[in-house]
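A quick write-up on the structure given underneath.
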Amino acid sequence: MNFLSKITGSFSTPSAANPTVAMVEAAYKHHGLDFRYLNCEVLPKDLEAAVKGARAMNWVGFNCSLPHKVEVIKFLDGLGESAKLMGAVNCVVLRDGKYIGENTDGKGFLKSLKSIIDPAGKSIAILGAGGAARAIAVELALENASRITVVNRDQNKGKDLVDLINNKTKCKSEFKDWSTKFEVPDHVQILVNATSIGMSPDIDARININPDSFRADLVVADVIVNPPMTNLLKDAKAKGCQIVDGLGMVINQAVLGIKFWTGEDVDPEVMRKKLLEVL
Ligand SMILES: NC(=O)c1ccc[n+]([C@@H]2O[C@H](COP(=O)([O-])OP(=O)(O)OC[C@H]3O[C@@H](n4cnc5c(N)ncnc54)[C@H](O)[C@@H]3O)[C@@H](O)[C@H]2O)c1
Ligand SMILES: O=C(O)C1=C[C@@H](O)[C@@H](O)[C@H](O)C1
């Protein structure tokens, strides 16, 4: 008998409405994996201590969600290729006693988006410049998006992401200040919300954007998982746009993360079913 399960989990704040624990534990159970996934409320001031705690308890890895994806890097022992390029980590993996930061968010998003539209050659506007936005923007640029407009409140963070895309990929990127209501320009074919606006418990929060600027041929994607149908997606649907919710992304990134931690290819449908049950 072995009563020592392998431990994984998620560090974020706010975390109470984050449903990923239900989804990942359903996959572990379905595949008979003796692993646990713990949803942990971790404030920015406690992130270093949380990583030290994980080390002390031999966690085999953990996810970082908002707002830790960039800050966590300084507490890790190294970065995988994609995380190094994006400057953001959502999945930490214990390898040979070292915590290595990986990024599976961008690939998770891309797979979900591609079920609706191929981003190659498209003009894309991304709202936000945090951890999720960095991963999504870089992955879209590597997938040959033609133009990426980064719309962000904080100029420094927004311009930093624009520079990253322009310097490290073939895609053209520009910064758009977000101090007034954003009007989706005519050249934009895909709009992505990579901010946390509309995430539970603030589900009534509205993004500073004019829905009258949504054309019916615009594809609108949201990264928010809970609730899957955000005000942004409701507005987009009402305007006849095709929409992509955050469920596909969160399931796809988890398949990749669980493979890193356990070596197992888990069934995404098990996680989708559980998410739809709990949300
Ligand atoms: N579906 C998924 O798989 C998935 C994966 C990653 C992240 N997410 C979600 O993406 C969201 C962002 O996560 P993150 O890790 O990038 O967080 P973050 O804290 O790194 O970045 C948040 C971004 O949102 C912007 N923002 C927040 N409130 C704003 C407001 N009122 N007005 C304008 N901008 C605002 C910030 O400026 C920043 O650019 C979260 O809701 C997270 O749960 C979902
Ligand atoms: O809480 C979680 O389990 C996660 C949330 C998302 O931010 C993902 O990016 C992250 O990898 C996992």
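In this text, all values refer to a predicted model and were calculated from it rather than measured experimentally. One is the number of the first residue; the rest follow in order along the sequence. Note that ligands are numbered from 1 as they come in the structure, with each ligand's atoms numbered from 1 the same way.
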Polar pairs, ligand 1 vs protein, N/O only, below 3.5 Å.
{"unit_1": "ligand 1", "atom_1": "1 (N)", "unit_2": "V223", "atom_2": "O", "d": "2.8"}
{"unit_1": "ligand 1", "atom_1": "1 (N)", "unit_2": "G246", "atom_2": "O", "d": "3.0"}
{"unit_1": "ligand 1", "atom_1": "3 (O)", "unit_2": "V250", "atom_2": "N", "d": "3.1"}
{"unit_1": "ligand 1", "atom_1": "16 (O)", "unit_2": "G131", "atom_2": "N", "d": "3.2"}
{"unit_1": "ligand 1", "atom_1": "16 (O)", "unit_2": "A132", "atom_2": "N", "d": "2.7"}
{"unit_1": "ligand 1", "atom_1": "20 (O)", "unit_2": "G131", "atom_2": "N", "d": "3.0"}
{"unit_1": "ligand 1", "atom_1": "34 (N)", "unit_2": "R153", "atom_2": "NE", "d": "3.4"}
{"unit_1": "ligand 1", "atom_1": "39 (O)", "unit_2": "A129", "atom_2": "N", "d": "2.9"}
{"unit_1": "ligand 1", "atom_1": "39 (O)", "unit_2": "G130", "atom_2": "N", "d": "3.3"}
{"unit_1": "ligand 1", "atom_1": "39 (O)", "unit_2": "N152", "atom_2": "OD1", "d": "3.3"}

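Between the side chains of S123 and Q189, not a single donor N or O lies within less than 3.5 Å of an accepting N or O. With 3.5 Å as the limit, one finds no donor-acceptor pair spanning the side chains of Q253 and D105. Using modelled atom types and a 3.5 Å distance limit, the side chains of N166 and S173 yield no donor-acceptor pair.
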Sequence neighbours excluded and cut-off under 3.5 Å, please list the side-chain donor-acceptor pairs for residues 50-59, or say none.
{"unit_1": "R55", "atom_1": "NH1", "unit_2": "D77", "atom_2": "OD2", "d": "2.9"}
{"unit_1": "R55", "atom_1": "NH2", "unit_2": "F75", "atom_2": "O", "d": "3.1"}
{"unit_1": "R55", "atom_1": "NH2", "unit_2": "D77", "atom_2": "OD1", "d": "3.3"}
{"unit_1": "R55", "atom_1": "NH2", "unit_2": "D77", "atom_2": "OD2", "d": "3.4"}

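By the ring pair (Phe, Tyr, Trp, His ring centres under 6.0 Å) test, F109 pairs with no residue at all, sequence neighbours left out.
Listed by chain and number, S10, N18, T20, Y37, N63, S65, K69, N90, D105, Q253 each place a non-hydrogen atom less than 4.0 angstrom from ligand 2.
By the 30° and 60° cut-offs, the orientation of the rings of Y28 relative to Y37 is perpendicular.
The backbone N or O of V42 sits less than 3.5 Å from a side-chain atom of H68, completing a donor-acceptor pair.
In this structure, the side chains of C171 and N144 stay at 4.5 Å or more apart for every pair of heavy atoms. Side-chain contact check for F3 versus D34: every heavy-atom pair is 4.5 Å or farther apart.
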